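As the structure lists them, so they are numbered: ligands from 1, and atoms in each ligand from 1. Computed from a predicted structure; not experimentally measured. Scope of the values below: all heavy atoms of this structure, side chains included, with no hydrogens, waters or symmetry mates.
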Amino acid sequence: MQSLDDFAAEKLDDLERRHLRRTLADSYREDGIWVERGGRKLLSFSCNDYLNLSHHPEVKAAAAAALHLYGAGSGASRLVTGNHPLYAQLEAKLARIKETEAAVVFGSGYLANAGIIPVLIGREGLALVDELSHACIFAGAQLTRGKVMTFRHNDLAHAEELLMAHRKQHDRALIVTEGVFSMDGDLAPLDELNALAQQHDAWLMSDDAHGLGVIGGGRGSSFANGKHVALPLQMGTLSKAVGAYGGYLCASAHVIELMRNRARTLVYSTGLPPAIVAAASAALDIIEREPDYAALPVKKAKYFTRMTNLPDAQSPIVPIFIGGAEAAMKAAERLANEGFLAVPIRPPTVPEGTARLRLTFTAQHPDAEVERLARVVRERVLAH
Ligand SMILES: *Cc1c(COP(=O)(O)O)cnc(C)c1O
């Protein structure tokens, strides 16, 4: 066993040297915006709970009621006995919000991408992925065992070039991008990408993990700027603005039925706890009912970028590029000393040399605190 331990220790030493070693910090929240961490109470600008719905009384009450009635776990895969009737309600709401025929809920967003992509693309296929896409999109693409190519971030001409050169050698092709980029906060040109996909007989899937609940009146990035782009495949997560847990795909009835039959992460993984399904369902009701509330995170982010002269925020996510991993950690520490939590994001989550503070704005951040954060960022981060 010596070699195993040595292997692990050497790997860790190497990460330490490059300032890339990570630690799990005990953190908990007793409301939507404050985090207890390392003995400090910090105002969080790092949570993806954009609407603070994880602590909404209606959401908690729905979860508690389902927990008491149906127990803590679901007991089996959805295809066996884990398919609680609450799922059908949740999926109907997702399909209604996204204007698709149907939806299917997975155990998480990661499981959704790892399951969906290999159902659509096989050994003879082509997966064309925006280079800044989330790790689980690449994980799903790799599981296809087909050809995986990346196109430069939001670069339609590069995507087209790759399709022209490679599409014909493959039986099927899937383009995957994020609706809102998780570490950069910018939006994908979904309309243009969808047209490009159609021209080249490819399918487009958007990962709307950071769009649902906060963009397009809460309906997500395919509804951004008052337009609706009818994408054939829209996946996302219930763990961010929805405040619960789980992943989903919205698509045509046939595609969804195929997923229920073939997506391995759905078939071979236990269904979500009923309380989580109930929480997500209650949260979607709030999102559908309160588009003005859903607009708040982007408003706060735009307020912040105006005060700091950063590029105008397009989503609740605002990156502040630092460069080196060590410098990013020091910048985060300076903010923590002022009472703000802004967890530094380092490689390999982001490309080498682009370590950053990734700020996320939520509906309930008080304007006065956003103003104070802007001042501290101007003086203690941007001026450094
Ligand atoms: C968070 C995230 C996921 C994973 O979703 P989970 O439900 O947390 O597993 C997938 N894609 C993107 C773009 C994400 O930001």
Residue [X] vicinity, atoms of ligand 1 by number, heavy atom under 4.0 Å:
X    : result
S182 : 15 (O)
D207 : 10 (C), 11 (N), 12 (C), 13 (C)
T237 : 5 (O), 6 (P), 7 (O)
C136 : 10 (C), 11 (N)

Worked check of salt bridge (Lys or Arg N to Asp or Glu O under 4.0 Å) between R167 and D201: CA-CA 8 Å; R167 171 66 187 93; D201 187 25; 3.3 Å; yes

I need the nearest protein heavy-atom contact for [atom]: residue, atom name and distance, please.
atom                   : result
atom 4 (C) of ligand 1 : Y110 N, 3.6 Å
atom 3 (C) of ligand 1 : K240 NZ, 3.5 Å
atom 8 (O) of ligand 1 : S239 OG, 3.4 Å

Greater than 12 external heavy atoms within 6.0 Å of K330's NZ: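 No, because the 6.0 Å sphere around NZ of K330 holds 12 heavy atoms or fewer from other groups.
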
Side-chain donor-acceptor pair present, D31, H55, cut-off under 3.5 Å: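 Their side chains do not contain a donor-acceptor pair, so the 3.5 Å distance test is not met.
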
Check against ring-ring contact (aromatic ring centres under 6.0 Å, His included), H134 and F181: CA-CA 8 Å; H134 193 271; F181 281 84; over 10 Å; no

Say whether [X], considering both its backbone and side-chain N or O atoms, lies within less than 3.5 Å of an N or O atom on ligand 1.
X    : result
Y245 : no
G109 : yes
N113 : no
H210 : yes

NZ or CZ of R306 within 45° of Y303 ring axis and under 6.0 Å: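 Not flagged: R306 not positioned over aromatic ring of Y303.
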
Sole residue of T305, D367, T362 in side chain to side chain donor-acceptor pair (under 3.5 Å) with K300: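 Output: one option passes, namely D367.
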
salt_bridge(K168, E124) N-O dist < 4.0 Å: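 Result for this pair is no, no salt bridge flagged.
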
Heavy-atom donor-acceptor pair, T308 side chain to F304 backbone, under 3.5 Å: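 Such a contact is found between T308 side chain and F304 backbone.
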
